[in-house]
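Here is the structure we will look at, set down as structure tokens.
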There are 2 protein chains.
Amino acid sequence: MAGIRAAQKEKTRRALIQAAMNQLSAEHGYASLSLREVAREAGIAPTSFYRHFQNMEELGLTLVDEGGLTLRQLLRQSRQQIAKGGSIIRASVTTFMEFVSNNTAIFRLLLQEKSGNSRDFRLAVTREVEHFTAELVDYLVAEQKFTRELAELQADAIVRIVFSAGADALDADNKEKQRLTEQTIAQLRIVARGAEATRLAAKTQE
Amino acid sequence: MAGIRAAQKEKTRRALIQAAMNQLSAEHGYASLSLREVAREAGIAPTSFYRHFQNMEELGLTLVDEGGLTLRQLLRQSRQQIAKGGSIIRASVTTFMEFVSNNTAIFRLLLQEKSGNSRDFRLAVTREVEHFTAELVDYLVAEQKFTRELAELQADAIVRIVFSAGADALDADNKEKQRLTEQTIAQLRIVARGAEATRLAAKTQE
DNA sequence: GAATTGCGTGAACAAGCGTTCACTGACATA
DNA sequence: TATGTCAGTGAACGCTTGTTCACGCAATTC
């Protein structure tokens, strides 16, 4: 049959993931997430948790994966904005900041666990961010004709600046977010100028 | 008298702080720090903890303050390196990376609590990092004759890049640290070039 | 020398935690 | 229709947690 049973299982699994997400907030991080509370919010007995995940750690890694998916969604959305024309930098930063505002919990998780206390978590988050950087490198090489080396330096710097500003944006009110966005745009322009100047300097030397 | 009593109190207070530091590691963060364990390591009864701090939170904020002190030490050390001559960027980044290696626990605390779950903590860490940025702004204005506006953009970008790289360095082996250091130096040079180019562009427009 | 202050203590508390176990009952299979 | 599978259960476990309380005893004050 259609697996009415498997469907139900998937449903409670999603309920657990959603419950965990809901409990993540500015005051209450992954480390202080409790199996019993998550189960309670998902509407199942604590023991049933084990039918879906071996550990809280396994749940956590699943959450990080979801965060990675979200980041990829963000990339797609950014590309669409860029395709519309206009300033690439402005479009990207604006999209990123909007995304942070709309997916606060998941970004908080990613940012927190990036320097968190589980090696597996850190690696998982690093992997997602690296994927993000790699996409940016490809763009810089393909569209802007940078050497791979310079593109990598530039992309890494951009990602560091943007994610760091994103972290600050989590706590910020709208006005502060606006300021952060403009600041980040100006900084990325400086980086772009610097990379351009570096490219020219390298060419002259040839 | 000389306060043999007050001295003893200060001594156990230091023991508590030290014990808390010791328990901070890559696997065990502030959030999962326990009053009882800290007291145990400090060699006092759990109840005695309250003679020195009202909360674990108060202990935590003290740790952050210690971290701030450490950062200021770092600034001083950087200035000494710069005074010796040679590349300012290289000297600063190298000093920073060494400092991260030698004060792993405290940096981990700062980086973690920067996007941690206590508002007070976040504010405390932000305050320390802002102090760091402010010093850099002053330097850029005084020594390199940047406008305050451009200096602030540049300094903020630099701090974001350096602290982010520092976070990665916490987990890295020596070879990776070396790579990170060189990468960061190259990135800061790009930023410096970009800021310089921006300054010239602004002047031309006058 | 007597009175006071205050650091450190051990017992006790209620609460919460993760995890185990044997069990139920609806769905899947044949 | 009979048999097997497995998501969900409720009781129970051993532990750790933060916090309170009244108390002892050494350093301090008068």
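Letters A, B, ... are given to chains in the order of the sequence lines, protein chains preceding strands, and every chain is numbered from 1.
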- Message: Using whole Å, what does the distance between atom P of nucleotide C:dG16 and atom NE2 of A:H28 come to?
- Response: 13 Å

- Item | Pairs where residues 36-45 of chain A contributes a residue and the test side chain to side chain donor-acceptor pair (under 3.5 Å) is met, not counting sequence neighbours | A:N22-A:E41, A:Q23-A:E41

Identify all side-chain donor-acceptor contacts of residues 54-63 of chain B below 3.5 Å with residues at least two apart in sequence or on another chain.
residue : atom : partner : partner atom : Å
B:E57   : OE2  : B:S118  : OG           : 3.3
B:E58   : OE1  : B:Q54   : N            : 3.3
B:T62   : OG1  : B:E58   : O            : 2.8

- Those residues that, when tested against A:D168, pass side-chain contact (heavy atoms from CB on, under 4.5 Å) (two or more places apart): A:L180, B:K114, B:R160

- Message: Under the ring pair (Phe, Tyr, Trp, His ring centres under 6.0 Å) definition, can you give me all pairs with a residue in residues 168-191 of chain B, not counting sequence neighbours?
- Response: none

- Heavy-atom pair of closest approach, residues A:N117 and B:S25: ND2-O, 3.4 Å

- Message: Just to be sure I understand the geometry, which residues of residues 14-22 of chain A put a non-hydrogen atom under 4.0 Å away from DNA chain D?
- Response: none

- Item | Partners passing side chain to side chain donor-acceptor pair (under 3.5 Å) against B:T104 (at least two apart in sequence or in another chain) | none

Distances for protein N/O vs nucleotides 16-18 of chain D N/O pairs under 3.5 angstrom?
residue : atom : partner : partner atom : Å
D:dT17  : OP1  : B:S34   : OG           : 3.0
D:dT17  : OP1  : B:E37   : OE2          : 3.4
D:dG18  : OP1  : B:L35   : N            : 2.8
D:dG18  : OP2  : B:L35   : N            : 3.4
D:dG18  : OP2  : B:R36   : N            : 3.2
D:dG18  : N7   : B:R36   : NH1          : 2.5
D:dG18  : O6   : B:R36   : NH1          : 2.9

- Listed partners of B:Q80 passing side-chain contact (heavy atoms from CB on, under 4.5 Å), at least two apart: none

- Query: How would you list, by chain and number, every residue that makes a side-chain contact (heavy atoms from CB on, under 4.5 Å) with B:Q154, sequence neighbours excluded?
  - Reply: B:L140, B:F146, B:I158, B:V191, B:A192, B:A195

- Over how many whole Å does the gap from A:F53 atom CZ to C:dT19 atom P extend? 14 Å

- Note on the structure: Letter by letter from the 5' end, nucleotides 3-10 of chain C scores (B base, S sugar-phosphate only, - none; protein heavy atoms under 4.0 Å) --BBBBBB

- If you look only at pairs with a residue in residues 150-175 of chain A, which of them pass as a ring pair (Phe, Tyr, Trp, His ring centres under 6.0 Å), with sequence neighbours excluded? A:F96-A:F163, A:F132-A:F163

- Item | Nearest-angstrom distance from the residue atom NZ of A:K11 to C1' of D:dG8 | 14 Å

- Message: Quick test of your reading: applying ring pair (Phe, Tyr, Trp, His ring centres under 6.0 Å), list the pairs with at least one residue in residues 19-42 of chain A, sequence neighbours left out, ordered by first then second residue.
- Response: A:Y30-A:F121

- Note on the structure: A:E57 atom CD is separated from C:dG18 atom P, nearest whole Å, by 14 Å

